[in-house]
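Scroll down for the structure; my scribbles are underneath it.
Ligands are counted one by one from 1 in listed order, and the atoms in each one are counted from 1 as well. The structure displayed is predicted, hence computed values, not measured ones. Start at 1 with the first residue, then count along the sequence. Only heavy atoms go into these numbers, but all of them, side chains included; no hydrogens, no water, no symmetry mates.
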Amino acid sequence: MNIIGLSGNVKRPSRTASLVEAIVTAVGSRFAVEGQTIELVDAAPILFKALRSDQLDAEGRAIIDAVEAADILVVGSPVYRASYTGALKHLFDLVDYRALTGKRVILAATGGTPLHGLMPEHQLRPLFGFFNALSMPTAIYATEVDFTEYGITNLAVHERIERAVSELAQALPVSDQTAAARAHGNRPALVAASA
Ligand SMILES: Cc1cc2nc3c(=O)[nH]c(=O)nc-3n(C[C@H](O)[C@H](O)[C@H](O)COP(=O)(O)O)c2cc1C
């Protein structure tokens with residue numbers, strides 16, 4: 001299966017990129033997945049050259065193609081002005097409105113204050129509702145105190161990641177679970193549970 005991590009950070013180093021990478025790694029420890037993490041600090045200068053998808057150059061088209069071709073998306077953003085970054089929104093404005101139907105998505109965000117911890121629920125989840133994607137029930141939110149030197153050091157954040165990955169395991173079609181888990185040398189969660 002193809003997995004794409006998308007991090008809305010517009011600077012580096014980035015707590016959000018670390019969080020997205022930790023989630024992608026956690027998925028990879030359960031399933032045989034291949035993919036990459038795209039950070040908007042790299043992608044935005046390419047994508048902002050196009051205001052519409054028909055203006056994308058080859059580099060920009062490759063980024064959007066990778067997102068549209070993914071089986072699983074891990075989407076995280078820093079909270080900026082109580083929402084996700086405008087750079088991340090621009091990327092999704094360039095994605096075909098039919099391309100993410102039924103795709104499994106794990107939502108994440110980092111912010112400066114716990115007061116904006118519902119940003120993924122109020123901003124990110126509706127975006128993927130528009131795309132008819134399947135967002136996992138558990139979204140992961142972390143604040144600056146959950147990190148040390150841009151690495152996650154709060155166990156509670158890791159536990160939420162594990163919960164979201166377990167939900168993903170349940171949400172994958174059984175045929176995909178079987179193939180991915182077999183490739184990984186594990187038994188898939190649903191098959192194991194019903195055996
Ligand atoms: C322009 C800007 C706007 C921000 N707005 C918010 C906000 O509305 N709420 C919040 O909790 N944090 C806000 N923050 C703090 C960032 O969300 C927080 O530091 C985040 O972890 C940064 O992620 P990064 O390390 O991936 O860039 C803002 C930071 C910047 C630079």
Q.
Checking the N or O distance criterion of under 3.5 Å, is ligand 1 in contact with Ala17?
A. no

Q: Could you tell me which atoms of ligand 1, counted from 1 in the order shown, lie closer than 4.0 angstrom to a heavy atom of Asn9?
A: 26 (O)

Q) Which residue holds the protein heavy atom closest to atom 3 (C) of ligand 1, what is that atom called, and what is the gap in Å? A) Arg81 NH1, 3.1 Å

Q. Would you say the side-chain atoms of Ser166 and Arg30 include a donor-acceptor pair closer than 3.5 Å?
A. yes

Q: Report yes or no: do Thr110 and Thr16 form a side-chain donor-acceptor pair below 3.5 Å?
A: yes

(Q) Given Lys11, Arg12, Met119, His116, identify the one with the heavy atom nearest to atom 9 (N) of ligand 1. (A) His116

Can I get a per-line list of side-chain donor-acceptor pairs under 3.5 Å for residues 76-84, giving both atom names and the distance, sequence neighbours left out?
{"unit_1": "Ser77", "atom_1": "OG", "unit_2": "Thr85", "atom_2": "N", "d": "3.1"}
{"unit_1": "Ser83", "atom_1": "OG", "unit_2": "Gln123", "atom_2": "OE1", "d": "3.3"}

Q: Give the numbers and elements of all ligand 1 atoms closer than 4.0 Å to a heavy atom of Ser14.
A: 24 (P), 25 (O), 26 (O)

Q: Just need the protein heavy atom nearest to atom 17 (O) of ligand 1, so name the residue and atom and give the distance.
A: Val79 O, 2.6 Å

Q: Specify the protein heavy atom at minimum distance from atom 25 (O) of ligand 1: its residue, its atom name, and the distance to 0.1 Å.
A: Arg15 N, 2.9 Å

Q. Quick one: do Asp71 and Arg104 make a salt bridge, cutoff under 4.0 Å?
A. no

Q) Who's the nearest protein heavy-atom neighbour of atom 19 (O) of ligand 1, and how far? A) Glu144 OE2, 2.6 Å

**Q.** Ligand-side contact atoms (ligand 1) for residue partner Thr16, heavy atom cut-off under 4.0 Å
**A.** 23 (O), 24 (P), 26 (O)

Q. Ion pair present between Arg61 and Asp57, side-chain N to carboxylate O less than 4.0 angstrom?
A. no

**Q.** Under 3.5 Å: N/O of Tyr150 near N/O of ligand 1
**A.** no

(Q) Using a 4.0 Å cut-off to any heavy atom of Ala82, which atoms of ligand 1 qualify? (A) 7 (C), 8 (O)

Q. Which residue holds the protein heavy atom closest to atom 20 (C) of ligand 1, what is that atom called, and what is the gap in Å?
A. Thr110 OG1, 3.3 Å

Q: Assess the side chains of Thr138 and Glu167: does a donor N or O sit below 3.5 Å from an acceptor N or O?
A: yes

Q: Identify the protein heavy atom lying closest to atom 30 (C) of ligand 1, giving its residue, its atom name and the separation to 0.1 Å.
A: Tyr80 CE1, 3.4 Å

Q) Does a side-chain N-to-carboxylate-O contact under 4.0 Å join Arg52 and Asp93? A) no

Q: Quick one: list whatever passes ring-ring contact (aromatic ring centres under 6.0 Å, His included) with Phe128, sequence neighbours left out.
A: Phe92

Q: Looking only at distances, please establish whether an N/O atom of ligand 1 is found under 3.5 Å from an N/O atom of Pro78.
A: no

